Amino acid sequence: MKISRTIVPLLLGATLLVLGGCSSDQTKHSGIHNMNMNMDMSMEPIKVELHWSPEEVVVNQKVTFEAVVTQDNLAVDDAKEVLFEIVSKNDNEQKIELKGKLVGDGVYQAEGTLEIEGQYIVTSHVTARTQHSMPNKELSVKP
């Protein structure tokens with residue numbers, strides 16, 4: 001009986017050491033994995049430059065809206081959403097939304113036509129890499 005009283009605590013201690021070692025090793029691997037994931041996600045904000053072509057827009061003319069999306073001065077080609085919202089300054093009910101498509105090197109484009117002359121606010125809604133950016137610019141549409 002003395003042997004079993006000695007063996008039981010030894011077996012219990014050995015089991016705890018083995019389980020503790022596995023647990024510690026798993027934690028190290030998880031930490032490395034999480035560290036690598038965090039290194040892939042930059043904390044630098046995305047930047048969006050909003051343009052359109054032609055620069056001077058005339059009624060019923062096809063316009064190409066463009067958002068150039070970067071992060072850390074590198075092109076962002078994996079935006080989840082790029083939406084161009086064009087709203088008349090005279091009538092908020094007069095609104096157009098165009099979905100942007102990637103054309104390459106962080107450049108997203110959409111085409112549309114404005115049928116009424118006047119002043120508009122163009123906002124590009126860009127969602128990328130857990131961030132959202134909404135730069136806007138004023139657009140004049142001439143007769």
Side-chain angles (χ1 to χ4, degrees), residues 4-143:
S4 65
R5 285 185 184 177
T6 307
I7 292 177
V8 171
L10 285 175
L11 287 174
L12 183 59
T15 303
L16 288 174
L17 281 173
V18 169
L19 290 176
C22 290
S23 174
S24 174
D25 191 37
Q26 178 64 29
T27 303
K28 287 180 189 174
H29 289 300
S30 292
I32 290 170
H33 177 69
N34 288 337
M35 185 173 67
N36 287 339
M37 283 183 63
N38 291 336
M39 288 174 67
D40 292 341
M41 270 303 182
S42 173
M43 296 304 290
E44 188 72 24
I46 60 171
K47 292 182 182 172
V48 180
E49 294 178 34
L50 176 59
H51 310 279
W52 51 81
S53 177
E55 287 184 33
E56 291 190 22
V57 179
V58 186
V59 171
N60 294 322
Q61 179 181 32
K62 188 187 294 185
V63 181
T64 301
F65 296 93
E66 182 175 278
V68 181
V69 186
T70 59
Q71 185 180 43
D72 287 329
N73 295 319
L74 299 172
V76 172
D77 289 338
D78 59 350
K80 290 187 180 194
E81 180 182 50
V82 176
L83 183 72
F84 298 94
E85 179 183 46
I86 302 105
V87 180
S88 171
K89 287 182 77 174
N90 297 330
D91 180 7
N92 288 342
E93 298 294 316
Q94 192 176 44
K95 176 168 87 170
I96 300 170
E97 291 184 349
L98 305 169
K99 188 172 182 175
K101 294 185 181 179
L102 178 66
V103 295
D105 293 328
V107 178
Y108 296 81
Q109 292 182 343
E111 290 184 347
T113 304
L114 297 165
E115 298 174 353
I116 301 173
E117 70 176 283
Q119 298 297 108
Y120 293 83
I121 298 295
V122 179
T123 305
S124 62
H125 297 270
V126 178
T127 304
R129 302 181 179 175
T130 71
Q131 299 179 33
H132 189 75
S133 180
M134 301 182 336
N136 59 40
K137 289 173 107 175
E138 192 168 310
L139 167 66
S140 292
V141 177
K142 300 185 191 252

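Fair warning: this is a prediction, and the values are worked out from it, not measured in the lab.
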Student: With a sphere of 6.0 Å drawn around CG of Asp77, does it hold more than 12 non-hydrogen atoms of other residues, nucleotides or ligands?
Tutor: yes

Student: Taking only residues at least two apart or on different chains, which pairs with a member in residues 74-125 satisfy ring-ring contact (aromatic ring centres under 6.0 Å, His included)?
Tutor: His125-His132

Student: Working to the nearest 0.5 Å, report the span between CD of Glu111 and OG of Ser53.
Tutor: 9.5 Å

Student: Can you tell me if Gln71 uses its side chain to pair, donor with acceptor, with the backbone of Glu44 under 3.5 Å?
Tutor: yes

Student: Working to the nearest 0.5 Å, report the span between CD of Gln131 and OG of Ser42.
Tutor: 7.5 Å

Student: Rounded at 0.5 Å granularity, tell me how far CG in Leu83 sits from NZ in Lys99.
Tutor: 9.0 Å

Student: Considering non-hydrogen atoms only, spot the tightest contact between Ile46 and Ser133 and give its length.
Tutor: CD1-CB, 4.0 Å

Student: Give a yes or no on this: more than 12 heavy atoms of other residues, nucleotides or ligands lie within 6.0 Å of atom CG of Asp78.
Tutor: yes

Student: Could you pull out the closest heavy-atom pair between Ala110 and Gly100, with the gap in Å?
Tutor: CB-CA, 4.1 Å

Student: Mind checking the CD-CG spacing from Glu55 to Leu139? Nearest 0.5 Å is all I need.
Tutor: 11.0 Å

Student: Minimum heavy-atom separation for Val82 and Ala67, please, with both atom names.
Tutor: CG1-CB, 4.3 Å

Student: What pair of heavy atoms forms the shortest contact from Val58 to Pro143, and how long is it?
Tutor: CG1-O, 3.3 Å

Student: Applying the side-chain contact (heavy atoms from CB on, under 4.5 Å) criterion to Ser88, which one of Lys95, Gln119, Gln94 satisfies it?
Tutor: Gln94

Student: As an exercise, state the distance from OG1 of Thr123 to NZ of Lys137, rounded to the nearest 0.5 Å.
Tutor: 12.0 Å

Student: What is the distance from atom CH2 of Trp52 to atom CG of Leu114, rounded to the nearest 0.5 Å?
Tutor: 10.0 Å

Student: Other residues, nucleotides and ligands only: do more than 12 of their heavy atoms fall within 6.0 Å of CD on Glu138?
Tutor: yes

Student: Minimum heavy-atom separation for Pro135 to Leu50, with atom names?
Tutor: O-CD2, 3.9 Å

Student: Might you point out which heavy atoms bring Ile116 and Val141 nearest each other, and give the distance in Å?
Tutor: O-CG1, 3.8 Å

Student: Decide yes or no for Glu66 and Val107: does some side-chain heavy atom of the first lie under 4.5 Å from some side-chain heavy atom of the second?
Tutor: yes

Student: Is there a side-chain contact between Val76 and Val126, using heavy atoms and a 4.5 Å cut-off?
Tutor: no

